[in-house]
Amino acid sequence: MMALAAAGLPVAAGAQGTWPSRPMQMIVPFPPGGQADVTARPVAAALERVFGQAVPVVNRPGAGGILGTASVARAAPDGYTALMALSSHAVLPESERIQGRTPAYTIEQFAPVARITADPTVFLVPANAPWRSIEELVADAKKRPGAITFGSAGNYSTLHVAMAMFTGSAGIDLLHVPYQGGGPALTALLSGTLHTLASGPGPALAHVKEGRLRALASWGRERLPGFEDVPTFIEFGHPEVEFYIWTAVFLPAATPAPVQDRLRQALRQICEGDEGLRRALDTAGSPIAYQEGAEFDRFFQQDSARLIRAVQRIGKVD
């Protein structure tokens with residue numbers, strides 16, 4: 001594990017001192033309780049241990065993640081405002097174009113620093129729901145088109161896109177109910193307000209273990225740790241239904257390269273060697289899946305292209 005000095009590396013010419021010399025905030029563009037929030041908090045705590053500076057997590061929800069993300073795009077490119085993004089990062093500008101609006105931000109306004117996690121979503125229902133399997137739910141949905149609801153973190157969010165992949169493959173019509181984030185949608189499912197939800201495994205795991213929710217399927221290619229008894233959609237005969245919620249750290253694109261490198265080094269250090277971070281994410285059911293540099297760039301471009309195609313298939317929503 002590399003040793004990093006808490007003071008960091010010198011920043012670009014014209015800047016004073018070293019970075020970080022004061023607290024750095026990490027923006028989560030969703031409410032507390034969702035996948036981005038579950039990842040951001042232990043990551044921020046681990047960065048504090050490296051930098052010797054506070055790294056407060058700030059939730060700025062709204063418009064399915066657009067508002068908080070756009071605020072980072074407009075932030076000073078000095079490294080003191082970072083974004084913990086989900087895989088919807090590239091989807092949201094395309095969704096704005098589909099709706100006939102000018103995007104509030106573009107992906108070109110951001111510099112990808114590193115991916116932290118990459119988890120298949122899981123299909124959840126309340127523990128008292130009548131469906132014990134995906135086959136039972138599909139059969140019921142075909143009898144009652146539009147009667148079964150599913151929640152999401154907002155129109156075109158990762159949770160919306162994942163469900164659209166499934167419903168399209170299964171040939172069923174579920175009623176979409178968008179929320180301000182994955183946390184509120186999960187709360188609605190727990191209260192019985194919603195019938196179904198696609199969720200990251202981290203926020204869902206404790207509720208499944210406690211018997212409050214039931215997982216019927218996952219979007220991964222292989223079964224998930226912690227959800228070993230939950231079949232994949234591929235096992236159910238839906239080979240094209242494969243989807244991952246990933247979390248990654250981004251900075252404004254104009255952030256000086258030495259600052260980007262310093263943050264990347266710190267993220268690599270904590271993901272490789274901070275046992276507190278590893279335990280926190282493992283316990284949350286969202287293990288580290290670190291990527292950076294060319295590897296993350298390739299993953300981001302390929303995943304973004306696939307998700308944008310899915311959003312284009314969804315089309316305009318009311």
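Counting from 1, the numbers follow the sequence of the chain as shown. Note that these values count all heavy atoms, side chains included, but never hydrogens, waters or copies made by symmetry.
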Within the 4.5 Å heavy-atom criterion, are [X] and [Y] side-chain neighbours or not?
{"X": "Pro29", "Y": "Ile66", "value": "no"}
{"X": "Thr158", "Y": "Val91", "value": "no"}
{"X": "Leu281", "Y": "Pro287", "value": "no"}
{"X": "Val241", "Y": "Ile234", "value": "no"}
{"X": "Leu216", "Y": "Val230", "value": "no"}
{"X": "Arg268", "Y": "Tyr290", "value": "yes"}
{"X": "Thr81", "Y": "Met24", "value": "no"}
{"X": "Leu251", "Y": "Leu83", "value": "no"}

Mind listing the closest non-hydrogen atom pair of [X] and [Y] along with its distance?
{"X": "Asp297", "Y": "Pro112", "result": "OD1-CG, 3.5 Å"}
{"X": "Val28", "Y": "Ala36", "result": "CG1-CB, 3.8 Å"}
{"X": "Pro32", "Y": "Asn59", "result": "N-ND2, 3.5 Å"}
{"X": "Val249", "Y": "Ala82", "result": "CG1-CB, 4.2 Å"}
{"X": "Trp219", "Y": "Pro120", "result": "C-CB, 3.9 Å"}
{"X": "Ala266", "Y": "Phe51", "result": "CB-CZ, 3.6 Å"}

Salt-bridged, [X] to [Y], with N to O below 4.0 Å?
{"X": "Asp78", "Y": "Arg22", "answer": "yes"}
{"X": "Asp274", "Y": "Arg278", "answer": "no"}
{"X": "Asp261", "Y": "Arg264", "answer": "yes"}

Quick check: is [Y] connected to [X] through a chain of hydrophobic side chains (ILVMFWY, heavy atoms under 4.5 Å apart)?
{"X": "Phe250", "Y": "Val58", "result": "yes"}
{"X": "Ile288", "Y": "Met26", "result": "yes"}
{"X": "Leu197", "Y": "Phe166", "result": "yes"}
{"X": "Tyr105", "Y": "Phe300", "result": "yes"}
{"X": "Leu86", "Y": "Val43", "result": "yes"}

Parallel under 30°, tilted from 30 to 60°, perpendicular over 60°: which one fits the rings of Phe299 and Phe296?
->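 Taking Phe296 first and then Phe299, their aromatic rings lie parallel (interplane angle under 30°).
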Aromatic ring pairing His176/Phe150, orientation class (parallel under 30°, perpendicular over 60°, tilted between) |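 Taking Phe150 first and then His176, their aromatic rings lie parallel (interplane angle under 30°).
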Between Phe123 and Trp131, is the ring centre distance below 6.0 Å?
->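 When the ring centroids of Phe123 and Trp131 are compared, they turn out to be at least 6.0 Å apart.
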Under 6.0 Å between ring centres, would you say that holds for Tyr179 and His160?
->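 When the ring centroids of Tyr179 and His160 are compared, they turn out to be at least 6.0 Å apart.
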Salt bridge (Lys or Arg N to Asp or Glu O under 4.0 Å) partner of Asp140, chosen from Lys143, Arg144, Lys142 |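 Answer after filtering Lys143, Arg144, Lys142: Arg144.
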So how far is it from [X] [atom1] to [Y] [atom2], rounded to the nearest 0.5 Å?
{"X": "Glu235", "Y": "Glu222", "atom1": "CD", "atom2": "CD", "result": "10.0 Å"}
{"X": "Leu194", "Y": "Ile148", "atom1": "CG", "atom2": "CD1", "result": "12.5 Å"}
{"X": "Asp119", "Y": "Ser286", "atom1": "CG", "atom2": "OG", "result": "3.5 Å"}
{"X": "Leu205", "Y": "Glu210", "atom1": "CG", "atom2": "CD", "result": "9.5 Å"}
{"X": "Ile27", "Y": "Ser71", "atom1": "CD1", "atom2": "OG", "result": "5.0 Å"}
{"X": "Ile314", "Y": "Met163", "atom1": "CD1", "atom2": "CE", "result": "11.0 Å"}

Would Thr39 and Met84 satisfy side chain to side chain contact (heavy atoms under 4.5 Å, CB included), going step by step from the backbone distance to the final call?
-> CA-CA 8 Å; Thr39 304; Met84 181 63 78; 4.0 Å; yes
So, [X] versus [Y]: side-chain donor-acceptor pair below 3.5 Å or not?
{"X": "Thr247", "Y": "Thr117", "value": "yes"}
{"X": "Glu240", "Y": "Ser169", "value": "yes"}
{"X": "Gln312", "Y": "Glu94", "value": "yes"}
{"X": "Glu96", "Y": "Thr102", "value": "no"}

Please check: side-chain N/O of [X] versus main-chain N/O of [Y], any donor-acceptor pairing under 3.5 Å?
{"X": "Arg60", "Y": "Thr69", "value": "no"}
{"X": "Gln99", "Y": "Ser95", "value": "no"}
{"X": "Arg214", "Y": "Ala129", "value": "yes"}
{"X": "Thr283", "Y": "Arg279", "value": "yes"}
{"X": "Thr149", "Y": "His195", "value": "yes"}
{"X": "Glu295", "Y": "Glu292", "value": "no"}
{"X": "Glu48", "Y": "Gln53", "value": "no"}
{"X": "Glu228", "Y": "Gly226", "value": "yes"}
{"X": "Ser304", "Y": "Gln301", "value": "no"}
{"X": "Tyr156", "Y": "Pro93", "value": "no"}

Going through the checks in order, is the side chain to side chain contact (heavy atoms under 4.5 Å, CB included) test met by Asp303 and Ser87?
-> CA-CA 8 Å; Asp303 189 69; Ser87 37; 4.0 Å; yes
Step by step, work out the side chain to side chain contact (heavy atoms under 4.5 Å, CB included) result for Thr196 and Leu124.
-> CA-CA 6 Å; Thr196 70; Leu124 301 172; over 6 Å; no
